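Inspection log for the structure reproduced underneath, given as structure tokens.
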Amino acid sequence: MKENAVILGIETSCDETAAAVVRNGREVLSNIVFSQIDIHKIYGGVVPEIASRSHIEKITNVVRQALDKAGTQASQLDAVAVTNAPGLVGALLVGVSFAKAFAYGLNKPLIAVNHIEAHICANYIENMECKPPFVCMVVSGGHTHLIYVNEYGRYEVLGRTRDDAAGEAFDKVARTLGLNYPGGIAVERLAQSGDAYEIDFPKAKLEEGSLDFSFSGLKSAVINYMNTAKMAGRDVNKADVAASFQRAVVEVLVRKAMDACERCGCNEFALAGGVACNGVLRAAFEKACREKGIKLFAPRVVYCTDNAAMVASSAYWAYLRNDFADMALNAKPSGRI
Ligand code: KG4
Ligand code: ZN
């Protein structure tokens, strides 16, 4: 075992085929992402069967490119890491099967990575300062979690969404507003010309002190607002709807995240996941953290959305713990952190 480790990460849990080579969990030597967005766009969302087939077509080339770009021979790798949970089962299986065969053929250790954990580890990339303990909020298309990171690889879930993930709500609201998939970026763009205080959409009220989230009520309120206006033949300013919805989501996320920091007595906080690309959300967190004296970490946008550098980073800490998988490794579509 050596502390200096070069790890190949592979990610195929949803609609990105990705491979990356990362040294010691923080230094990215290459990061290749083939996004299937254009393929799924015409269906308005990810079609699982098409996702699996596309991963099969792309994975060999994506891994080859990652090794070439890094200037690393496969034989020089210290380990092969792959996302095996959670995600679309057929999509996960492509990465898991590839990684098992690749590791076996090279006689290298295999490391299984949880996708939510990988999103958290995106904060270590290119950042020597981000070290546990800290509170992290993972906000993506599939997850909305508040997590206390005790130490590398040790997590305590403080709260999670009880229904839709924040990104899922963005995607569904986008569809209601007639915007393209993926909806998050489209809603953010439209919201730029809207008034965020024009409509007061209701926010879910959970039990006092709960750090869980619920976005389905807010999503339904937007859909009802649009339907009611349509039936009444009333014109709607869609930019105002987008901006008001976005404000409601951001306000809830910031409030619960700050509560979580207070509860843990922690003054370091990290953002993660695709929704963390949102500029309004980032600005709101910068302001809230500044006011509370909390140090804020946020990965670069390329490391917020699905990528394999975060998988290889997460695997590094498992590598140091000798936490390896064997050839019985399987995909776990609902695997929890
Ligand atoms: O982390 P990610 O790439 O995949 C999952 O693990 O789900 O996150 C994708 C999600 C999508 O729901 C997308 O609409 C959302 O992140 N997203 C955004 C923005 N960019 C991506 N949501 C709000 N604002 C954005 N700028
Ligand atoms: Zn993700």
Side-chain angles (χ1 to χ4, degrees), residues 9-18 20 31 33-37 40-41 44-46 48 51 82-88 91-92 95 113-123 125 136-145 147 160-161 164-177 179-192 194 196 215 218-219 222 242-243 245-250 252-254 270-285 298-311 313-314 333-335 337:
I10 295 173
E11 158 66 42
T12 64
S13 69
C14 189
D15 59 345
E16 265 89 28
T17 316
N31 181 40
V33 181
F34 172 78
S35 171
Q36 303 176 4
I37 282 176
H40 298 289
K41 217 175 212 164
V46 178
V82 64
T83 304
N84 80 313
L88 301 170
L92 286 166
V113 172
N114 177 291
H115 185 79
I116 304 170
E117 180 173 1
H119 272 300
I120 296 170
C121 294
N123 281 283
I125 295 172
C136 184
M137 193 178 70
V138 182
V139 265
S140 69
H143 318 280
T144 303
H145 277 56
I147 293 167
R160 55 158 62 88
T161 184
D164 291 354
E168 201 178 347
F170 266 95
D171 293 336
K172 288 178 180 166
V173 164
R175 193 192 282 220
T176 305
L177 295 176
L179 304 171
N180 269 341
Y181 175 84
I185 182 98
V187 170
E188 182 179 7
R189 282 199 190 118
L190 180 61
Q192 279 166 5
F215 292 109
L218 172 60
K219 171 199 69 186
V222 175
F245 160 76
Q246 182 173 258
R247 172 178 65 85
V249 174
V250 169
V252 170
L253 294 176
V254 170
L271 282 169
V275 182
C277 296
N278 187 288
V280 172
L281 179 136
R282 284 186 177 239
F285 271 98
R300 281 207 283 133
V301 162
V302 280
Y303 300 126
C304 284
T305 47
D306 287 351
N307 66 88
M310 67 184 194
V311 176
S313 173
S314 177
S334 57
I337 186 167

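Both ligands and their constituent atoms are indexed starting at 1 by order of listing. All of these numbers come straight from a predicted model, not from anything done at the bench.
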inquiry  = Suppose we screen for ring-ring contact (aromatic ring centres under 6.0 Å, His included). Which residues come up paired with Y303, at least two apart in sequence or across chains?
reply    = none

query = Which atoms of the protein, restricted to N, O or S, are nearer than 2.8 Å to the Zn ion (ligand 2)?
reply = H115 NE2, H119 NE2, D306 OD1

Can you check whether [Y]'s main-chain N or O pairs, donor with acceptor, with [X]'s side chain at less than 3.5 Å?
X    : Y    : value
E188 : G279 : yes
D171 : G183 : yes
N307 : T305 : yes
T12  : A91  : yes

Does ligand 1 have any atom that is closer than 4.0 Å to a heavy atom of [X]?
X    : answer
Q246 : no
C14  : no
E16  : no
A166 : no

task = Specify the closest pair of heavy atoms between T83 and S13, including all atoms of both residues, with the distance to one decimal.
result = CG2-CB, 4.0 Å

Over all atoms of both residues, closest heavy-atom pair of N180 and A186 = O-CB, 4.2 Å

task = Might you confirm whether atom CZ of R175 has over 12 heavy atoms from other residues, nucleotides or ligands at distances under 6.0 Å?
result = no

ask   = Between D171 and ligand 1, which residue portion shows a heavy-atom distance shorter than 4.0 Å: side chain, backbone, both, or neither?
value = side chain

Can you sort out which atoms of ligand 1 are near [X], meaning under 4.0 Å from one of its heavy atoms?
X    : result
C304 : 1 (O)
H115 : 6 (O)
T305 : 3 (O)
H119 : 1 (O), 6 (O)

Looking only at protein heavy atoms, which one is nearest to [atom], and how far off is it?
atom                    : value
atom 24 (N) of ligand 1 : N278 ND2, 3.0 Å
atom 26 (N) of ligand 1 : E188 OE1, 2.8 Å
atom 3 (O) of ligand 1  : D306 N, 3.1 Å

ask   = Between G274 and ligand 1, is there a nitrogen or oxygen pair with a distance under 3.5 Å?
value = yes

query = Purely on distance, is any nitrogen or oxygen of G142 under 3.5 Å from one on ligand 1?
reply = yes

query = Between G279, G184, A276, which one has a non-hydrogen atom sitting closest to atom 23 (C) of ligand 1?
reply = G184

task = Would you indicate which of G167, G87, G141 comes nearest to atom 10 (C) of ligand 1 when only heavy atoms are counted?
result = G141

message = Does the plane of the ring in F170 sit parallel, tilted or perpendicular to the ring in F245? Use 30° and 60° as the thresholds.
response = perpendicular

task = Report yes if some heavy atom in the side chain of Y181 is under 4.5 Å from a heavy atom in the side chain of V46; otherwise report no.
result = yes

